[in-house]
Each structure stands twice: as structure tokens, then as C-alpha cells.
Asks: 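The structure is given below, and queries will be raised subsequently.
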Amino acid sequence: MPSLDQVVSQTFQKRFKRKPSVFQAPGRLNLIGEHTDYNDGFVMPAAVDRYTVFAIAPNDNDRCNIYAYDFQEGVTFNLRDLNQGETWVNYLMGVLEGFTQKGLPVRGIDCIFGGNIPTGAGLSSSASLCCGFAFALNEIFNCGLSRLALAKIAQYSENDFVGVNCGLMDQYASLFGKKDSALLLDCRNLHHEYLPFLFEDVEILLIDSRVKHSLASSAYNERRASCERGVKILQKHHPHIHSL
């Protein structure tokens, strides 16, 4: 049975009649530190073995032809016509906007993507989507951005294009995750260290509760706004406080 990478790559070749570059970006779980990333705290995420795969190639014009294998639907748009919204294409448009804002030489692309991360299961399928796309663009156009810069572009897409005021943990974990390790990330200075997480008598189990959620339509933004209001209240008495 062909792998997901092979299926997506073969679909690209049938649709666009040429060979693509292929990239993967993992989802993540979080062991400790909920809502502490945007409060300048510590988090301990880890990349998982579920991912989004991209088959992609430049097409030497300003049109983007993107096909979502899982949804069996495609879109075509111009690089000058990037719109905000909450559908899968808006996440990708936000990433493209992040590159163009930096004046980077991004042109049109042909792309097919698919994934095996359950959508809405809390494994950051959206971060995987944005980070994988950003990483792919960085490679095929030789933009030279660091992984941290790519994580911030992916975060920009979710914040400004989709309307999810998330912190940087999900994107950071997708781009910096390492096999058999968790990440200890200090969100004040964005420094991290790898914590080996491979034990004979301990396993991490991902259990599907069947509860679906969407950060764009959940109380996530409301919770972040509450934290920011809390900081302003504390600052009236302790001006040196800048985060929770």
C-alpha cells in the first residue's frame, strides 16, 4: 500500500504532469503548559507521527493552483488576491502574505497537500498546514529564512488571516520537534532545549475523544483577551508586570 507521501506525489504528477518537491510537517501534543505560551511562560510540546505532506513546485507565474487531497477540492488564485477567512485556503494565503510582506521572491506555485492529522482533535493540524507550507516555500524559492522566522510567519497567518490569536507553541513544535524528544520552550525569549522522552516503561497515548473543536470559532480568543485584561489590572498596582 503506498504511503501518504507517495499518494500525494503521484496525484501531483497526474494533475500537473511533472515531478514535485515533497515536504512533511508534523502535528504536536502538549505535555504541560496550556495557554502559557502567549502569557510568556513555559511549555513542553512534542511533535507526533501524524503530519501534513506537501507536493509542490513553482510554476513561473503569479497564479497559485492548490489542491486539498483530503477534501477533493482545489482553488486557483493570484498572489495579488489574498483574502482573510476561516477556510483551509486562507491559512495558506496568510503564509504567502507573510512572505510577500518581507519582500521575498515568492512566485506562483502548483501544490497538492494531504494529511493524517485528525482535524479538530487538538493536535495542531492548522499549525502543521501553515508550517509545512511555509517550509516548502522557503525551500523551493531559496528564501533563506530560519525555522523561527517560518514559525512566526505561520503564526501571523493564524493571527491575522484566520483570526486565531494563538501563541507560538504549536508552530514552534512543528518546526523544531525532534524524534523521541519533547521541547522545553521558554516563551519569554524563545529559547528551547530538547528533553529525551524514550523510556522502557512509559508511553504517551493519544486518545481520540471524538470531540471536535476549531480555535477560530471557540472561546480561545476570549480566554486570551481575559489574560490581557488581567495584566492591565495588575499593572495598575505593579507597573513592572508585563505578562501573567
Asks: Between Y91 and E86, is the side chain to side chain contact (heavy atoms under 4.5 Å, CB included) condition met? List the steps.
Replies: CA-CA 8 Å; Y91 286 91; E86 295 182 11; over 6 Å; no
Asks: With side chain to side chain contact (heavy atoms under 4.5 Å, CB included) as the test, would you mind laying out the steps for V53 and V7 before giving the verdict?
Replies: CA-CA 10 Å; V53 59; V7 169; over 6 Å; no
Asks: Are H240 and Q235 close enough that some pair of their side-chain heavy atoms sits under 4.5 Å apart?
Replies: no
Asks: Taking atom types as modelled, find out whether N39 and T36 have a side-chain donor-acceptor pair closer than 3.5 angstrom.
Replies: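 Result is no, nothing qualifies.
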Asks: Specify the closest pair of heavy atoms between L79 and L82, including all atoms of both residues, with the distance to one decimal.
Replies: O-CG, 3.4 Å
Asks: State, to 0.1 Å, how close N159 and C166 come at their nearest heavy-atom pair, and which atoms those are.
Replies: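 Result for this residue pair: ND2-N, 3.2 Å.
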Asks: Sub-3.5 Å donor-acceptor pair from the side chain of S174 to the main-chain atoms of Q171, do we have one?
Replies: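 Between the backbone of Q171 and the side chain of S174 there is no qualifying donor-acceptor contact (under 3.5 Å).
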Asks: Do Y38 and R223 touch side chain to side chain, with heavy atoms closer than 4.5 Å?
Replies: yes
Asks: When clusters are formed by joining ILVMFWY residues with side-chain heavy atoms under 4.5 Å apart, either directly or through shared neighbours, do L150 and V95 land in the same one?
Replies: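 In one cluster: yes.
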Asks: Would you mind writing out the side-chain donor-acceptor pairs for residues 127-141 within the sub-3.5 Å range, not counting sequence neighbours?
Replies:
{"residue": "S128", "atom": "OG", "partner": "A25", "partner atom": "O", "Å": "2.6"}
{"residue": "S128", "atom": "OG", "partner": "T52", "partner atom": "N", "Å": "3.4"}
{"residue": "S128", "atom": "OG", "partner": "T52", "partner atom": "OG1", "Å": "2.7"}
{"residue": "N138", "atom": "OD1", "partner": "G144", "partner atom": "N", "Å": "3.3"}
{"residue": "N138", "atom": "OD1", "partner": "L145", "partner atom": "N", "Å": "2.9"}
{"residue": "N138", "atom": "ND2", "partner": "L145", "partner atom": "O", "Å": "3.1"}

Asks: Given side chains that start at C-beta, do those of R210 and D208 come closer than 4.5 Å, heavy atoms only?
Replies: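 In short, these two side chains touch, coming nearer than 4.5 Å.
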Asks: Which heavy atom in S181 sits nearest to a heavy atom in P196, and how many Å separate them?
Replies: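 Looking at all heavy atoms of both residues, the shortest contact is OG-CA, 4.1 Å.
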Asks: Just jot down the salt bridge (charged side-chain N to carboxylate O under 4.0 Å, His left out) partners of R229, sequence neighbours excluded, or say none.
Replies: none
Asks: Rounded to the nearest 0.5 Å, what separates atom CD1 in I153 from atom CG in L104?
Replies: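 Spacing of CD1 (I153) from CG (L104) equals 6.5 Å.
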Asks: Does some side-chain heavy atom of D49 sit less than 4.5 Å from a side-chain heavy atom of P26?
Replies: no
Asks: How many angstroms lie between OG in S125 and CZ in R50, if you round to the nearest 0.5 Å?
Replies: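 So the gap between those two atoms works out to 12.0 Å.
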Asks: Could you walk me through whether F197 and F199 satisfy the ring-ring contact (aromatic ring centres under 6.0 Å, His included) test, starting with their C-alpha distance in whole Å, then the side-chain angles of each, then the deciding distance to 0.1 Å, before giving a yes or no?
Replies: CA-CA 6 Å; F197 206 99; F199 307 110; 5.2 Å; yes
Asks: Taking atom types as modelled, find out whether H35 and R224 have a side-chain donor-acceptor pair closer than 3.5 angstrom.
Replies: no
Asks: Could you pull out the closest heavy-atom pair between Y172 and L190, with the gap in Å?
Replies: OH-O, 3.3 Å
Asks: Output the distance between atom CG (D180) and atom CG (L195), rounded to the nearest 0.5 Å.
Replies: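 With rounding to 0.5 Å, CG (D180) is 13.0 Å from CG (L195).
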Asks: Check the side chains of Y156 and Q101 for a donor-acceptor pair under 3.5 angstrom, ignoring hydrogens and angles.
Replies: yes
Asks: Under the criterion salt bridge (Lys or Arg N to Asp or Glu O under 4.0 Å), I'd like the reasoning laid out for E228 against K232: C-alpha separation, chi angles, the key distance, then a yes or no.
Replies: CA-CA 7 Å; E228 292 170 349; K232 290 180 180 178; over 6 Å; no
Asks: Enter the distance from L184:CG to M44:CE here, rounded to the nearest 0.5 Å.
Replies: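 Nearest 0.5 Å value for the CG-CE distance: 6.0 Å.
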Asks: Ignoring hydrogens and angles, write down the donor-acceptor pairs under 3.5 Å from the side chains of residues 107-114, residues two or more places apart or on other chains.
Replies:
{"residue": "R107", "atom": "NE", "partner": "D62", "partner atom": "OD1", "Å": "3.0"}
{"residue": "R107", "atom": "NH2", "partner": "D60", "partner atom": "O", "Å": "3.3"}
{"residue": "D110", "atom": "OD1", "partner": "N59", "partner atom": "ND2", "Å": "3.2"}
{"residue": "D110", "atom": "OD1", "partner": "N65", "partner atom": "ND2", "Å": "2.8"}
{"residue": "D110", "atom": "OD2", "partner": "R18", "partner atom": "NH2", "Å": "2.5"}

Asks: Side-chain heavy atoms nearer than 4.5 Å, only ILVMFWY residues, links allowed to pass through others: does that put L148 and Y194 together?
Replies: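 L148 and Y194: one cluster.
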Asks: Would you check if L244 and L234 make a side-chain contact, meaning some heavy-atom pair closer than 4.5 Å?
Replies: yes
Asks: Taking the side chain as everything from C-beta on, heavy atoms only, tell me whether I117 gets closer than 4.5 Å to V48.
Replies: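 I117 does not reach V48 side chain to side chain.
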Asks: Looking only at side chains, do S124 and R28 share a donor and an acceptor under 3.5 Å apart?
Replies: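 Side chains of S124 and R28: pair found under 3.5 Å.
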Asks: Please check this pair: side chain of N221 against backbone of N165, looking for a donor-acceptor N/O pair closer than 3.5 Å.
Replies: yes
Asks: Start with the C-alpha gap between L92 and V75, add the side-chain angles, then the distance that decides, and say whether side chain to side chain contact (heavy atoms under 4.5 Å, CB included) holds.
Replies: CA-CA 11 Å; L92 303 182; V75 295; over 6 Å; no
Asks: Are side-chain heavy atoms of D37 and F42 found at a separation under 4.5 Å?
Replies: no
Asks: Would you please test C64 and L96 for side chain to side chain contact (heavy atoms under 4.5 Å, CB included) and show each step?
Replies: CA-CA 10 Å; C64 296; L96 286 164; 3.9 Å; yes
Asks: I'd like to know if the side chain of Q84 and the backbone of D160 have a donor-acceptor N/O pair within less than 3.5 Å.
Replies: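 Confirmed, Q84 side chain pairs with D160 backbone.
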Asks: Considering residues, nucleotides and ligands other than I32, do more than 12 of their heavy atoms fall under 6.0 Å from its CD1?
Replies: no
Asks: Do V162 and F71 sit in the same hydrophobic cluster, where Ile, Leu, Val, Met, Phe, Trp and Tyr count as joined when their side-chain heavy atoms come under 4.5 Å apart?
Replies: yes
Asks: Group every Ile, Leu, Val, Met, Phe, Trp and Tyr by side-chain heavy-atom contacts under 4.5 Å, then state whether Y67 and V89 land in the same group.
Replies: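 They do not share one cluster, since no chain of ILVMFWY contacts under 4.5 Å joins Y67 to V89.
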Asks: When you compare the side chain of I66 with that of W88, does any pair of heavy atoms fall below 4.5 Å?
Replies: yes
Asks: Please indicate whether Q72 has more than 12 foreign heavy atoms, meaning atoms of other residues, nucleotides or ligands, lying under 6.0 Å from its CD.
Replies: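 Buried by this count: over 12 neighbours within 6.0 Å.
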Asks: Can you see which heavy atom on D81 is nearest to which on M93, and at what distance?
Replies: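 Answer, listing the atom of D81 first, then M93: O-CE, 3.8 Å.
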Asks: Roughly how far apart are R63 CZ and N61 CG, rounded to 0.5 Å?
Replies: 7.5 Å
Asks: Which heavy atom of R147 sits nearest a heavy atom of L175, and at what distance?
Replies: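 Where R147 meets L175 most closely, the heavy atoms are NH1-O, 2.6 Å.
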Asks: Looking at CE of M1 and CG of L4, how far apart are the two atoms once the value is rounded to the nearest 0.5 Å?
Replies: 9.5 Å
Asks: Under 3.5 Å, is there a donor-acceptor pair linking the side chains of D5 and Q24?
Replies: yes
Asks: If Ile, Leu, Val, Met, Phe, Trp and Tyr residues are connected whenever their side-chain heavy atoms lie under 4.5 Å apart, and connections chain through other members, are F23 and F16 in the same group?
Replies: no
